[in-house]
Amino acid sequence: MKSVVIAKPGELVVAERDQPQPAAGEVLVKVQYASICGSDVHIWHGHNPFARYPRVIGHEFFGVITATGEGVETARIGERVAVDPVVSCGHCYPCSVGRPNVCSELQVIGVHRDGGFSEYAAVPAQNAYVVPDAIPDKLASLIEPFTIAANICAFLQPQPGDIALIFGAGPMGLTAIQALKGVYNLSKVIVADRLPERLKMAQENGADVVLDNSEIPLAAQLEGIRPTLIIDAACHPGILAEAVALASPAARIGLLGFSGEPCTVTQQSLTSKELSLFTSRLNSHRFPQVIDWMEKKLIQPEKLVTHYLPLADVETAMTLFEKDPRSCCKVILTVN
Ligand code: NAI
Ligand code: MN
Ligand code: ZN
């Protein structure tokens, strides 16, 4: 089978590999579609501190079960499945409180273990979620990125009366817009980005107000509007202090970033407004929730997709995705 392997940082190859055998408790997935994420590019360039090499990348994928390992019912063969990349131990403290995404032995498929940019992938059976017929094959790999929005929203508890501000109109910002508008029914979602093309995508994905903050600071453009719910989906370390300054008293702020640079905020700026800060990593068992959103058409994953390319063109696809944020959003590989 063909697999996209990052042999070592900087070295991407489409390699011929043996098809994996599903181990006990696993299923073998014949991958059909896999979407590219910023973290795949980071692993390629050696910028992901968790990655081990050589690694088959890809954590957003969809396919069909073609074999089962010991202890898994053979009746599962033929199921159309989306794969949750979060593999957890099930018994540590975070697992015991329903947060396997920060398991003390966390293994992320496509990061710590081989992933879905491959003709076949062996994954734990419980990570393979049946995709209902209402969700087409070519969009099912986008369940995973929407689980990021679902996870942060579970912390933020959006209410229809909230005034939301989202920093960044990349894939993460766009999934958050769609969730806030389509699932939580907010009447006002404001989105800031520096690229006009990305702001246009934000509008197409449901933003009520888009603001270009490349030259004029947001404080000057918001005209006194105090957001009550803020999501940082741009993740520059300077954004937290800006969000804290712009926030309404009693607002909630959600952070998604992994930068190693310090963010500087004072206790006074947080406590005087009694702000709540939440962080969110990957997702905690949120596949069923997002599958339900998609099945009910509360969200429109197709609005994120700008390109489909064959697996063999993965380097072109990843380069396009990385270098051309003005024309690219989600790039999906067609695998089998
Ligand atoms: P992206 O790079 O495609 O999008 C970021 C957007 O933010 C770009 O459109 C950029 O123009 C804009 N931007 C940059 N600085 C800005 C600023 N100061 N104000 C407003 N907009 C600004 O990235 P993507 O895929 O949407 O991911 C966003 C972030 O989310 C990344 O940092 C990524 O590491 C993080 N992430 C976190 C996850 C988690 O589970 N916590 C999961 C996936 C991504
Ligand atoms: Mn991703
Ligand atoms: Zn655990």
Should side-chain heavy atoms under 4.5 Å link Ile, Leu, Val, Met, Phe, Trp and Tyr, which residues sit in the same cluster as [X]?
X: Tyr120; value: Met1, Leu28
X: Leu275; value: Ile163, Leu165, Phe167, Ile190, Val209, Leu211, Leu218, Leu222, Ile225, Ile230, Ile239, Leu240, Val244, Leu246, Ile253, Leu255, Val265, Leu270, Leu277
X: Val56; value: Val5, Val13

Is the shortest heavy-atom distance from the side chain of [X] to the side chain of [Y] under 4.5 Å?
X: His59; Y: Cys37; answer: yes
X: Val183; Y: Ile299; answer: yes
X: Glu261; Y: His236; answer: no

Pairing residues for [X] by the side chain to side chain donor-acceptor pair (under 3.5 Å) criterion, not counting sequence neighbours:
X: Glu242; value: none
X: Arg80; value: Asp137
X: Glu105; value: none
X: Thr228; value: Asp162

- By side chain to side chain contact (heavy atoms under 4.5 Å, CB included), Gln21 pairs with (sequence neighbours left out) none

- Listed by chain and number, what are the side chain to side chain contact (heavy atoms under 4.5 Å, CB included) partners of Gln289, not counting sequence neighbours? Ala150, Tyr184, Arg286, Trp293

- Which pairs count as side chain to side chain donor-acceptor pair (under 3.5 Å) when at least one residue sits in residues 91-101, sequence neighbours excluded? none

With a 4.0 Å cut-off on N to O distance, would you call [X] and [Y] a salt bridge?
X: Arg76; Y: Glu73; result: no
X: Arg194; Y: Glu215; result: no
X: Lys8; Y: Glu11; result: yes

- Task: Report yes or no: do Asn205 and Gln178 form a side-chain donor-acceptor pair below 3.5 Å?
- Result: yes

N/O donor to acceptor pairs below 3.5 angstrom from side-chain atoms of residues 169-177, sequence neighbours left out:
from	atom 1	to	atom 2	distance (Å)
Thr175	OG1	Pro171	O	3.3
Thr175	OG1	Met172	O	2.9

Side-chain donor-acceptor pairs of residues 309-318 under 3.5 Å, sequence neighbours excluded:
none

